[in-house]
Amino acid sequence: MEPSIPLRIAYAFASLAVITVYGLLLIGSMARISAKVQGRVGQPVWQPFIDIVKSSGKRNSISHGVMFWLGPVFRLAGGVGTYMFVPAVLGSVVFQNFSMSGDLLLVMYFIFFGQLGMALGASEGGHPYSAIGVSRGLAQMTAFEVPFALSIISIAVQYGTLDITKIVMAQQGGFLNWTLFTNPLAVVAAMIAFLGMSGHNPFSVVIAPQEIPIGPPTEYQSNLLGMLQTNRAVFNGAKLVLYMNLFFGGATNVPVMVVKTFLIYFVNIFVGQAFPRFRTDQAIRFFLGVPTLIGIAAVVLFAF
Amino acid sequence: MVTPLAIFAAFLATGFLLPLADKLGRRVSATLFWALLAGFAGLAAYYLASFVAAPGTLEIYTGGFEPPLVIALRLGLEESAALAAVAAVALLAAFSMRKALHEAPVSGMMTFLMLVMGLSGLVLTRDLFNLFVFLEISGIAGYALLGFDDRRLAMSAAFKYMVAGGIASAAYLVGVIYLYRLTGTLNLDLMIGSAGLEGAAGAAAVFFVLAALLVELKPFPANGWAIDAYEAANPGLGALFSGAQATAMLFALYKVFPLLSDAHLAVVMWAGIVTFAFSNLVGLRQTATRRMFGYSSAGQVGFVAAALAFGARYVEGSDFAWLVAGGLLVNHLLAKTGLFLLSAAFESDGDGSMKGRPGTLVAAAAGVLVAALVGLPPFPAFWAKWDLVRVALATREYAFVALVGAGGLFEAWYLFSWLVRLVKGGADETPEAAPVPVLRVGADGVGPVLAALGIAALGGLSAWTRGFTDPLFWAPLAGGLLFLALDRLPGKLKALLATAAIAAFGYFALPSMSEFQKLFALMILGGGALHAFAGGYLTGRRAGHFPLYVMTVLSLGYALVAESALGFFMAWELMALGGYFLVLQGAKGRSASMIYLAFSIGGAFLMMAGLQLGGGLIGGAAPSPAALALVGLGLLAKLGAFGLHVWLPGAYAEAADDFSSFFSASLSKVAVFALMAALAVFGEALPGGELAWRVVGWVGILGAVLGALAAIFQEDAKYALAFSSMGQMGYVLAALAMRDQMGWTTALYLAATHFLYKGMMWLSVAGASLRTGTRTMYLMGGLIKRMPISFVSFLVGIIALSGVPPLTGFGGKWLLYHSLIAKGWYFEAAASFLASGIAFLYLYRMIHSIFLGQPKDEHRTVKEAPFWLVLPQLLLLVAVIAFSVFPRLILDPIMAVVGARYPAAGFAFEGQTLVSSLGYWNGLLTIVVVVVVFVLTFIWMVMNLRKPRLVKQFNIVFAAERPFRPETTHFAFDFFAPYRRALGFLVRGRSEKAWTAVAGLATSVAGAIRRLYTGNGQTYALHVVLYVGILYLFLGVR
Amino acid sequence: MSDIKFTRALADPDHALKPAGRPGPLGKPLVLANDGLPEEEKAWFCDAYPTASGPYKGILENFLNWARSKSLWILGFGTGCGAIELRPLMTSRFDMYRFGIQPRPTPRQSSVFVIGGYASVKTLKRIVRSYEQMMGPKFVVALGSCTINGGMYWDSYNTINAIEHYIPVDVYIAGCMPRPEALLAGFKELQRKIRRGECEGAVKYAENFEWYKANQKKVIHDWNMPDYNY
Amino acid sequence: MRTIPADIAERFEVGPLVSKRADLSTLDVDAKDVPELLARLRDRHGYRHLSFVTATDQIEEGVFVLTYMLHNHADNHSLGVKCRVGRENAVMESCHLLWEQMWTYQRELKELFGIDFPGSPRVDESFVLEGWIDIPPMRREFDTREYSERTFPTRPGRSTKDPATHMKEKLYPEAL
């Protein structure tokens, strides 16, 4: 039943490869969908792959110091690590990853690992816009964490556990058992937080391309940028899988996972294409308003 | 044995001889004067020694007959002690006044002698009318002395004094006449128990005597004349009034106690304690030193009178009077004498401005005197107060206790403010102001130093006689004294010695400790030793730092092992005192140290009351919710819990950098220790039940949220860290309030890890600010290249603090959320999420602003922090890493400690995995996965790196421009402006405003009351008369 | 007269106006790239000269060239009036994303620099700086007549006449203004050139660095940056 | 028909009020009177708005003509105050205390025409030209074409064609 250590590592690599490829394709297809919304043909679905190859194939690169180099390492390790701590597919040995390291809290806090490291790397770049971007990003993060945390607490109360596998198990046996239907308020709060987490409109002020040239990574280039692009896919994948597990019944096989995560991610595009951008302080006030109230209601509903 | 009558003979004879001797020259008369005083003092000492050796009383009957035919005197232990006190003060005062006495006409010396003689008579006589005679002698001598150097102000004060004294004398005479009529005798001993005192007439007669004596003791508010006299008097004379005369008058009062009924005694008690509280309240607004000391003297004398009366009412036997009233009195007279003499030496004129700053020895003496007066350990008043409050609580005199506490707090405030003015010079806190020069006072310093030595010796004696013979108990004081003696050594050597001293204390203390105590000993003594070592980071001697530091750390250490409530409380107060002086030593520590002091003293008093209510800390007392609530409140103040935190940022930030670190990393933990210990002793019930604990939990959580929020808006690195500490201790408090296995495990784990990473961060910042010469973060920047070790230390610190896996901090977060959710405190958990998110903001801001971003030109050549700072950081770093990889290293002992108190509730280790009812966490596997992923990613990065070029700070894309200067390119000021727009309204210092309003109320009440003191003699006379009348009404004589 | 110098320099890469950047005995260049800066500013900038990386050959390089041609990230820096023609390219009518072309706000991450028409001397300074800050391989598309021979500004006192003198150019798109269709054609041509391995502007720039620098310094008089901006 | 207000006619030697359009007139005045006149126009006659300041190079007369264009919003009228400054060592009194934005125009004039305004803030800093080392380019003796040829190398073979003829040749060769 329990695979040996080398086998487990091999499985982890396989799992990682799948999520990377899938994550990149997801980004590509979402860009294409956005293009359709705007009446364009749009870039090829595989464009993210080409971009990463191009970035990694640059012939020279610059660095502002050791921490600058370590920033993307932290970021990518953060993304990969987050994924490693999430069981991606229920009952699958290959996609179990290293979820025995810890429960939901470990995943929630490990998300910060990459962000913190990246922020430090960007800081050493010495570019004021990097720091401004980080300042905005962190500020926004503290705000969307509140409805998210409330939602997590609500489902912890609901299922009596913070163990992701157990939460998924509890949702098996028909879609009506999904958290989406058993605890819709928590899901709504968490999905609003997800919009903030993904940094699409209306919460894209962090990387505002025109105003503060894409924020934190403004000095990153070449293979460092390539790593950041790769991380985007892995990290997105990890977050989507986490959301799927917590709120949408998880997945018992890869195709189900693909369909569900695609649809979850699609919410971003759906909202992002329709709304303009919040300023940072507006975003903070927004998250601490209605979404937080929804989260509180979700907790109250199950706790009392 | 020489008969005490010789005293009067000698004084009178000398008094008459002095003018004759003066004809031969001032030198001769002065010699005579000094010889007499010295002889008197010697005789008093001899009496005291012989009565201590062989207790008993010596009754002296003048003229050889028995009373009532003749005047009787009595000399016993009590009388000889009082005589010795009078003599000691008289000597010190005369020494201080030597110049004035030598220059003024010889009548000055004569009057001085008459005053001393009158006071001696007050002590010795047993005859009521004779008492009146001595009252008049000392009174008239007093008026005369006030005016002896011919100043207009003094003359006017003397006149007012005379008016009040006249009223008192008249009342006294009336009383004596009635008493004689009723009892047929003037001898006190014969009068006691006389049937004539029964009934209303007797009560009224006694009341007149009592009222006169009370008025002479300068009760509030009928004491305007006395305050004016203190202000106008020569400081030496002030000492004489405040020390010797008050002693004699109190003794006289004590003498008539046997005549008094309980109602009389109640009047004395309440009049005394009201005087204590309100005189000190009025003193708050006072800046003129001698007038301030006048208020303090009036208050202290009232306090002693109250204690005397209290003892007479409630306690059998005279031990209480000895220990409490005697302790308070001797404490007051020595301290006040010393202070009056100090003010004579240092004050230019009456307005509170100083001529200069004292040197170390005199400053230490001043500190001792003020601390003693305020009732801090180890001085006599501390022990006296402890006993007084114990009995007062036992007899349910809560209002009395409250007045004792309030008066002490007010007095502490203005006396320490004065001390600050003295040792720091002037009233200005601007760092640019030129340092105040040290004033060498020479012989003028002898008096205060002697007084301080005496008071310290008596304090030590009190402790020793109370059975504190444990060497560990004496270690803090001994350590402090030792390092005071070594103060001339270089700072670095002293740092090593201090490390050794603390380690030695630990070596001796550890064997007797329980696991629980050891855990905290690691944080407090371990941290103490580390920070003592770090103390070597500054060049120079660091005068005064190490004595205080060693005393503080060792008293913390003793607080851990103290076996009695009193021992613990003494250590607690000593630690607060040491902390206060250490904060005061900071360049801008004035107001911060005063606020810290106020909260420390207030909190400590609550704690004392609680400890007394509960009956003792260690050694099973009955569970008492009220005791726990009081002790808890005191501890919350020390913990800086939300609402009581206003002292915290300033005190943490303005102390010297290494002490700030110790303060935050180690010292704050002692409150956690004490809180846990208090729960063990007093039980877990609070008034209000579970709801109260929920409130405590919320106080913790609010502290966490608002502390973090305040931290993100700080520009000063130390303030940011201080607010951060407040937030972190908020989590600990919340976890503690849960009171179950997971909660306490969380609390202990958070406390221990906070010690590790906060120490690293403070020391790292200390290094950075040492090298850059600023604490303002936006003035730093880019130090990573110059100070890589400090950077790594800070980095590990922030990763650990923020709770990001795989370092130790995550364990704390995991435990916190699991315990909160398991406990059902869901919204507390959500608020913690917010707080820990906000923590990211200030952590990032700090590391960015200090170590990353743009380096400034002037910091291009700074060096890594000194070895003295780096080594402690590295040790802490190793500990953090070790605990990260093997969480069991720290969690096993913690869980063992908690397990002894709370049964395991679904929360234990399975191998390396910590399993709770809600989930699991495997620290080892986590760190392995993270490290492997990180290393692989790192290899990937290095492999793909092509022609990397390390560039400089301005090689950035700056919208096709080039940056102008590093200062304009480093984005660090008002870093979270959007956050301020969104949530800044939450941290506008409401607590600060509330406490400022309280303080404002106190000072405006003080200001209003002060209007009573018009300076008009007629008004004062009216006050006295009305006062006597009102007292009579209170007596309820029908 | 200047034409002769121009053509000769291109024909003869060794032609050097001054011995800048040539390694000294300790491996450090004799003349540092930031030698022209005031003393107190020197520490702010990297003082190394560029080194040519490439051209490379082989299957891997061909693959990378293909990827480069399919992922053209334009630096969002409209240097002249021609930049207005870039905007329509993003719209649904022309949709440059189809070809893997997208705008990017920072030179660090861009691979194509579109010179949008006339370049005044003041702008030229920014062009040079931004160009140097791009990571190689990097491509330049010069748009409009002005970049070729000055166009209608041929006799202006503050507009350069041939951008080629200051930075290497891969593709010119003639016209005043060229239409978006022409731009697309130009980009397609650029992609073809990249795939053929002919776009080695960065190498050319490094190898003829002294010549380019001398040309730049001849027109830019208030030189307040290092000779090479990393 | 507008007239010169009496107080101005009294105090200053002004030329005739030339009306260019219904809402635009100009007034010639001696250079030394300009600051005082502008102040009076601003404070007493409603010309509170400074539209621009410019110069024209009258090289034939050896002068620069400075035009201060003011606007009166109340009656929608612009008034150009013109004065003449000698071309050699051209100096004009600075009026930056009257309108805050004036110094920007003066800095521009200094750079492009070489007219100095002593005391004007930042007047010696470069305005649009960075590092200009030749004579100010808007002076008429400056030969921009010569400068361009001297400074900016061109691609050889440039020739200019008349567009109309060229297109005719290209499209309708038979017509020629």
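Chain naming here is simple, since letters A, B, ... match the order of the sequence lines and numbering starts at 1 in each.
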*Asks:* Using a 4.5 angstrom heavy-atom cutoff, name the option from A/Ala156, A/Ala77, A/Ser61 with the most pairs to chain B.
*Replies:*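 Ranked by heavy-atom pairs under 4.5 Å with chain B, first place is A/Ser61.
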*Asks:* Can you say whether B/Lys952 sits under 4.5 Å from chain A via the side chain, the backbone, both, or neither, judging by heavy atoms?
*Replies:*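 Contact with chain A involves the backbone of B/Lys952 alone.
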*Asks:* Determine, step by step, whether A/Phe74 and B/Phe934 satisfy the ring pair (Phe, Tyr, Trp, His ring centres under 6.0 Å) criterion, reporting the C-alpha distance in whole Å, the side-chain angles of both residues, the deciding distance to 0.1 Å, and the verdict.
*Replies:* CA-CA 7 Å; A/Phe74 266 98; B/Phe934 191 87; 5.0 Å; yes
*Asks:* Looking at chain B, which one of A/Arg279, A/Met108, A/Glu145 has the largest number of heavy-atom pairs inside 4.5 Å, strictly under?
*Replies:*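 If we count pairs closer than 4.5 Å to chain B, A/Met108 comes out on top.
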*Asks:* Between B/Tyr920 and A/Ser101, do the side chains contain a donor N or O and an acceptor N or O under 3.5 Å apart?
*Replies:*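 There is no such pair (donor and acceptor under 3.5 Å, judged by atom type) between the side chains of A/Ser101 and B/Tyr920.
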*Asks:* Specify the closest pair of heavy atoms between B/Leu841 and A/Ala139, including all atoms of both residues, with the distance to one decimal.
*Replies:*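 Nearest pair, atom of B/Leu841 first, then A/Ala139: CD2-N, 3.6 Å.
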*Asks:* Under 4.5 Å from any heavy atom of chain B, what part of A/Tyr83 do you find: side chain, backbone, both or neither?
*Replies:*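 It is neither, since no heavy atom gets under 4.5 Å.
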*Asks:* Would you give the length of the straight line joining atom CH2 of B/Trp814 to atom CG of A/Leu106, rounded to the nearest 0.5 angstrom?
*Replies:*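 That separation rounds to 10.5 Å.
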*Asks:* Is it true that a side-chain atom of A/Arg285 and a backbone atom of B/Arg981 form a donor plus acceptor pair closer than 3.5 Å?
*Replies:*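 Flag set: sc A/Arg285 to bb B/Arg981 pair under 3.5 Å.
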*Asks:* Side chain, backbone, both or neither: which part of B/Leu945 has a heavy atom under 4.5 Å from chain A?
*Replies:*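 For B/Leu945, backbone and side chain are both near chain A.
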*Asks:* Against chain B, label A/Ile132 side chain, backbone, both or neither, depending on which of its atoms sit under 4.5 Å from a heavy atom there.
*Replies:*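 It is both, since atoms from each part get that close.
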*Asks:* Any donor and acceptor pair, going by atom type alone, linking the side chain of B/Gln854 with main-chain N or O of A/Gly126 inside 3.5 Å?
*Replies:*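 Yes; at least one donor-acceptor contact below 3.5 Å.
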*Asks:* Can you tell me which of A/Leu120, A/Val146, A/Leu150, A/Val80 forms the most heavy-atom pairs within a distance under 4.5 Å of chain B?
*Replies:*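 Result: the option with the highest number of such pairs is A/Leu120.
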*Asks:* Side chain, backbone, both or neither: which part of A/Ile152 has a non-hydrogen atom closer than 4.5 Å to chain B?
*Replies:*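 Contact with chain B: none, neither part.
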*Asks:* Side chains of A/Met100 and B/Leu925, heavy atoms from C-beta outward: is any pair under 4.5 Å?
*Replies:*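 Heavy-atom side-chain distance check passes, below 4.5 Å.
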*Asks:* How many angstroms lie between CZ in B/Phe976 and CG in A/Leu138, if you round to the nearest 0.5 Å?
*Replies:*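 The distance works out to 5.5 Å.
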*Asks:* So which part of B/Leu795 gets closer than 4.5 Å to some heavy atom of chain A, the side chain, the backbone, both or neither?
*Replies:*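 It is the side chain, since no backbone atom gets that close.
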*Asks:* Drop me the distance from A/Ser135's OG to B/Tyr844's OH, to the nearest 0.5 angstrom.
*Replies:*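 Answer for the OG-OH pair, A/Ser135 versus B/Tyr844, is 8.5 Å.
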*Asks:* Taking side chain as everything from C-beta outward and backbone as N, CA, C, O, which of these in B/Phe851 sits under 4.5 Å from a heavy atom of chain A? Side chain, backbone, both or neither.
*Replies:*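 Neither the backbone nor the side chain of B/Phe851 comes within 4.5 Å of chain A.
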*Asks:* Tell me if the centroids of the rings in B/Phe810 and A/Phe110 come within less than 6.0 Å of each other.
*Replies:*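 Not close enough - the centres of the two rings lie 6.0 Å or further apart.
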*Asks:* Where does B/Leu936 contact chain A at under 4.5 Å (heavy atoms): side chain, backbone, both or neither?
*Replies:*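 Side chain only.
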*Asks:* When you compare the side chains of A/Asp103 and B/His818, does any donor N or O come within less than 3.5 Å of an acceptor on the partner?
*Replies:*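 Indeed, the side chains of A/Asp103 and B/His818 share at least one donor-acceptor pair under 3.5 Å.
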*Asks:* Does atom CZ (B/Arg786) have a neighbourhood of more than 12 heavy atoms from anything else shown, all under 6.0 Å?
*Replies:*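 Yes, CZ of B/Arg786 has more than 12 neighbouring heavy atoms, counting only those of other groups under 6.0 Å.
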*Asks:* Pick whichever of A/Met67, A/Met84, A/Gln115 has the most heavy-atom pairs under 4.5 Å with chain B.
*Replies:*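 Of the options given, most contacts go to A/Met67.
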*Asks:* Using side-chain contact (heavy atoms from CB on, under 4.5 Å), reason through B/Lys813 and A/Leu105 one step at a time and then give a plain yes or no.
*Replies:* CA-CA 8 Å; B/Lys813 301 285 181 210; A/Leu105 282 172; over 6 Å; no
*Asks:* Looking at every heavy atom in both B/Met941 and A/Met227, which two are closest together, and how far apart are they?
*Replies:*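 Nearest heavy atoms, B/Met941 then A/Met227: CG-SD, 3.4 Å.
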*Asks:* Using heavy-atom distances under 4.5 Å, tell me whether B/Val951 contacts chain A through its side chain, its backbone, both, or neither.
*Replies:*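 Both parts, heavy atoms under 4.5 Å.
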*Asks:* Do you know which of A/Phe148, A/Phe112, A/Tyr159 has the most heavy-atom pairs with chain B at a distance under 4.5 angstrom?
*Replies:*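 Option with the greatest count: A/Phe112.
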*Asks:* Can you tell me how far OG1 of A/Thr142 sits from CZ of B/Phe833, rounded to the nearest 0.5 angstrom?
*Replies:*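 The CZ atom of B/Phe833 sits 13.0 Å away from the OG1 atom of A/Thr142.
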*Asks:* Quick one: does A/Tyr109's side chain get under 4.5 Å of B/Ser836's, heavy atoms only?
*Replies:*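 The answer is yes; the side chains approach within 4.5 Å.
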*Asks:* Contact between B/Arg946 and A/Asn60 at the side-chain level, heavy atoms closer than 4.5 Å - yes or no?
*Replies:*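 No, side chains not in contact.
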*Asks:* Can you tell me if A/Ser123 uses its side chain to pair, donor with acceptor, with the backbone of B/His848 under 3.5 Å?
*Replies:*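 A pair under 3.5 Å: no.
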*Asks:* Specify which of B/Phe938, B/Phe958, B/Phe840 makes the most heavy-atom pairs with chain A at under 4.5 Å.
*Replies:*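 Of B/Phe938, B/Phe958, B/Phe840, B/Phe840 has the most heavy-atom pairs under 4.5 Å with chain A.
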*Asks:* Select, from B/Leu834, B/Thr913, B/Leu950, the one with the greatest count of heavy-atom pairs under 4.5 Å involving chain A.
*Replies:*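 Ranked by heavy-atom pairs under 4.5 Å with chain A, first place is B/Leu950.
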*Asks:* Okay, side chain of A/Glu219, backbone of B/Val957: is any donor-acceptor separation there less than 3.5 Å?
*Replies:*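 Yes; judged by distance alone, with no hydrogens or angles, the pair exists.
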*Asks:* Could you tell me whether the side chain of A/Thr161 and the main chain of B/Leu918 form a donor-acceptor pair under 3.5 Å?
*Replies:*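 Looks like yes, one N/O pair under 3.5 Å.
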*Asks:* Answer yes or no: are there more than 12 heavy-atom neighbours, outside A/Trp69 itself, under 6.0 Å from its atom CH2?
*Replies:*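 More than 12 within 6.0 Å, yes.
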*Asks:* Would a 4.5 Å heavy-atom cut-off, applied to side chains only, mark B/Leu983 and A/Leu288 as touching?
*Replies:*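 Yes, side chains in contact.
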*Asks:* Look up atom CZ in A/Phe113 and atom OG in B/Ser802, then write down how far apart they are to the nearest 0.5 Å.
*Replies:*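 These two atoms lie 10.5 Å from each other.
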*Asks:* Pick whichever of A/His64, A/Lys58, A/Lys166 has the most heavy-atom pairs under 4.5 Å with chain B.
*Replies:*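 The residue among A/His64, A/Lys58, A/Lys166 with the greatest pair count is A/His64.
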*Asks:* Do B/Tyr826 and A/Ser154 pair up side chain to side chain, a donor and an acceptor below 3.5 Å, judged on atom types alone?
*Replies:*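 No, because no side-chain N or O of B/Tyr826 sits under 3.5 Å from a partner of the opposite role on A/Ser154.
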*Asks:* Would you name the heavy atoms of B/Phe975 and A/Ala131 that are closest together and state the gap between them?
*Replies:*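 The pair with the smallest heavy-atom distance is CZ-O, 3.6 Å.
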*Asks:* Measuring from atom CG of B/Asn922 to atom OG of A/Ser99, what distance do you get when rounded to the nearest 0.5 angstrom?
*Replies:*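 Nearest 0.5 Å value for the CG-OG distance: 11.5 Å.
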*Asks:* So which residue, B/Ile821, B/Val942, B/Thr969, ends up with the most heavy-atom pairs under 4.5 Å with chain A?
*Replies:*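 Most heavy-atom pairs under 4.5 Å with chain A: B/Thr969.
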*Asks:* Counting only non-hydrogen atoms closer than 4.5 Å, does B/Phe954 touch chain A with its backbone (N, CA, C, O), its side chain (CB onward), both, or neither?
*Replies:*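 It is neither, since no heavy atom gets under 4.5 Å.
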